[in-house]
Student: 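Got a structure for you, written out below as structure tokens; questions coming shortly.
Below, read A as the first sequence line, B as the second, and so on, with proteins coming before strands; counting in each chain starts at 1.
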There are 2 protein chains.
Amino acid sequence: MNSHHERASTRVARNIVKDIEERQLPAGTKLDSEHVMIEKQGASRATVREALRFLELQGALKMKAGPGGGPVVNIPGVDHLAGALSLQLQFANATFSAVLEARRSIYPILVAEAAENATTDEICALKASLQRLYEATEDSDAAAREARNFYELVAVASKNLVLGFLVNALHHLSENSGIDYDMQHRQASARQADRILQAIEQRDAEKARALSEKMHAAAWRYWEKNAPELLNAPVSWITR
Amino acid sequence: MNSHHERASTRVARNIVKDIEERQLPAGTKLDSEHVMIEKQGASRATVREALRFLELQGALKMKAGPGGGPVVNIPGVDHLAGALSLQLQFANATFSAVLEARRSIYPILVAEAAENATTDEICALKASLQRLYEATEDSDAAAREARNFYELVAVASKNLVLGFLVNALHHLSENSGIDYDMQHRQASARQADRILQAIEQRDAEKARALSEKMHAAAWRYWEKNAPELLNAPVSWITR
DNA sequence: TATGCGCAAGTAGTATACTATTTAGCGCGT
DNA sequence: ACGCGCTAAATAGTATACTACTTGCGCATA
């Protein structure tokens, strides 16, 4: 028996999420507007809005104004998970080096699992992404974007949904550190990604893992050399 | 010019977090009360409360009523991270099998790193926890609690802060599935934990990793045999 | 007929005021 | 000295009004 009353806004938020789950509402579905929810949930407007705001910040829904507007179901991206994670890390006084360590530990696993589970289609998509990665080495922003895309494709190919989420969230976090890789590093990264992809194609999980470990070791050295102060910089909450 | 206006409540939440970060406020510190924040932030009460409610749900602060009450700085536990993660997973239509897969992938790494980095003090703490684990095999709840504690100690010993966070959040999630291990499994788990701890003590990372993989394979078989429907059950948002 | 401009309607967001609930602190009485 | 209960402070929740923004629709004009 819950002796301490659950918060009204929490209850409303849970009801909304439960409703979305039960009715299997796809992204883009219009939910009830505020005053309808006020009636259905039997809560005041402020309470309902607190719930909506929380779910919006978590990426579970978007809110749009105007006629035909209102709360709309949304599938949260990794950036929202990264936001929640970064908040926790800030309160744990974590530094970016901790984020990099976690990435260095997890990513090789993800790559190895991708080598075991990737379909030929997924390998093709990875090859296309790699091609774009080579072409984008000139532009720092474009390279970072394509690297992110490559990561996501690897995550999908690994068939390990949750692990992919976490790795991508960590990637998002380290991107947010303000690090900027130079052209030389970007080119080297692309070549390493190339070799990893070859290992994946050969279904050689061990080789892919080893290459990935080397790649992250190189990235670590890059940080140490070019931005040692960033390694000790505390993680702080990112809000998109 | 920021064309897309940042939400007032988001801005306030960010300011509060920023303040906590800059002043390095420890857990338990009383923050300004609502009406003080209303003045300082120049926002309405509803706005301030939306911000406070969000931070409360994220575990960044607690709110207490009554005199001497108000918002109090709090260090969020893994349960909050688990909550955020579960929300994301629900929207990704993830099942508990995905959570278990991720755990199976990450935990061996964590254990291996613990073998490399644990101090003798931490190994002592682990031994004590293991002892309690043996003693708690009679009681399902107590065993689950002590297993959690053991996990947390391993996470600390690994010195990999972020990885520990993630593993513990995943553990929290799988606990929340409603799984119940029988006595035989609890005893076997304790024995396996014992062997892993021995490997950690011997600084044998590879052995610890292999044992951990075996342990998770056994846990997987247990789920398949005793609760196959849970493996395919969708993860849904947990709100403590 | 097409196009652009503006008005109106509907929604999110903000502000203010009031009631209910919780609880620490204090005082009074036995 | 003990405890019962009052009170005040602070949040929780509700109600209502007002503001700002978005967008569809229609009218006027080229």
Side-chain angles (χ1 to χ4, degrees), chain A residues 1-17 19-20 25 27-74 239-240, chain B residues 1-17 19-20 25 27-74 239-240:
Chain A
M1 226 72 62
N2 259 342
S3 58
H4 54 328
H5 294 142
E6 185 187 31
R7 212 131 241 150
S9 55
T10 310
R11 173 176 48 80
V12 172
R14 208 160 29 83
N15 286 341
I16 295 171
V17 170
D19 192 50
I20 294 175
L25 301 181
T29 308
K30 268 178 54 177
L31 293 174
D32 296 329
S33 58
E34 277 189 358
H35 68 272
V36 177
M37 282 190 182
I38 289 167
E39 282 183 7
K40 286 191 181 176
Q41 303 285 347
S44 73
R45 188 158 165 225
T47 303
V48 169
R49 283 179 45 94
E50 277 174 12
L52 290 173
R53 178 82 68 245
F54 173 75
L55 294 176
E56 192 194 25
L57 280 166
Q58 291 292 4
L61 49 84
K62 280 180 191 166
M63 299 176 78
K64 211 176 62 172
V72 176
V73 178
N74 184 45
T239 56
R240 287 187 296 292
Chain B
M1 199 81 76
N2 259 343
S3 59
H4 53 335
H5 292 142
E6 183 186 32
R7 279 216 153 86
S9 55
T10 309
R11 174 176 49 79
V12 172
R14 209 160 29 84
N15 285 342
I16 295 172
V17 170
D19 192 49
I20 294 175
L25 302 180
T29 309
K30 271 177 54 178
L31 294 174
D32 295 330
S33 59
E34 277 189 1
H35 68 271
V36 176
M37 282 190 180
I38 291 169
E39 281 183 8
K40 285 192 181 174
Q41 304 286 345
S44 72
R45 195 168 93 97
T47 304
V48 170
R49 285 196 29 167
E50 278 173 11
L52 290 174
R53 181 76 68 245
F54 173 74
L55 294 175
E56 191 194 27
L57 280 165
Q58 292 289 10
L61 48 84
K62 279 180 191 167
M63 299 183 76
K64 215 176 57 172
V72 175
V73 178
N74 184 46
T239 55
R240 287 184 300 296

Student: D/dA15 C1' sits how many Å from A/E39 CD, rounded?
Tutor: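 That distance rounds to 15 Å.
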Student: Please name the residue in the list A/L55, A/L61, A/I20 that meets the side-chain contact (heavy atoms from CB on, under 4.5 Å) test with A/V73.
Tutor: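 Testing each of A/L55, A/L61, A/I20 against A/V73, the sole residue satisfying side-chain contact (heavy atoms from CB on, under 4.5 Å) is A/I20.
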Student: Of all residues at least two apart in sequence or in a different chain, which pass the side-chain hydrogen bond (donor to acceptor under 3.5 Å, both in side chains) check with A/S44?
Tutor: A/T47
Student: Taking only residues two or more places apart in sequence or in another chain, which ones pass side-chain hydrogen bond (donor to acceptor under 3.5 Å, both in side chains) with B/E34?
Tutor: B/R45
Student: Does any part of the side chain of A/V48, heavy atoms only, come nearer than 4.5 Å to the side chain of A/I16, both counted from C-beta?
Tutor: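 Contact flag for A/I16/A/V48 side chains = no.
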Student: On DNA chain D, check which nucleotide each of A/I38 and A/R7 is closest to and give me the residue with the more 5' one.
Tutor: A/R7
Student: Would you kindly give the CE-to-C1' distance between B/M37 and D/dT11, to the nearest whole Å?
Tutor: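 Computing the B/M37:CE to D/dT11:C1' distance gives 13 Å.
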Student: Is a salt bridge present between A/E56 and A/R53, judged by a nitrogen-to-oxygen distance below 4.0 Å?
Tutor: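 Salt bridge between A/E56 and A/R53, a charged N being under 4.0 Å from a carboxylate O: yes.
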Student: Nearest to the side chain of A/H35 - C/dA24, C/dT11, D/dA12?
Tutor: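 Per side-chain heavy atoms of A/H35, the pick is C/dT11.
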Student: Find the distance A/D32:CG to C/dT11:P and express it as a whole number of Å.
Tutor: 12 Å
Student: Rounding to a whole Å, what distance do you find between B/E34:CD and C/dA17:P?
Tutor: 16 Å
Student: What is the distance, to the nearest angstrom, from the CD atom on B/Q41 to the C1' atom on C/dA15?
Tutor: 16 Å
Student: Does any part of the side chain of A/R7, heavy atoms only, come nearer than 4.5 Å to the side chain of A/R14, both counted from C-beta?
Tutor: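 A/R14 vs A/R7: side chains apart.
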Student: In whole angstroms, how far is the C1' atom of C/dA9 from the NZ atom of A/K64?
Tutor: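 So the NZ-C1' distance, A/K64 to C/dA9, works out to 16 Å.
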Student: Can you sort out which residues in residues 42-59 of chain B have a heavy atom within less than 4.0 Å of DNA chain D? Ascending by number, please.
Tutor: B/R45, B/R49, B/R53
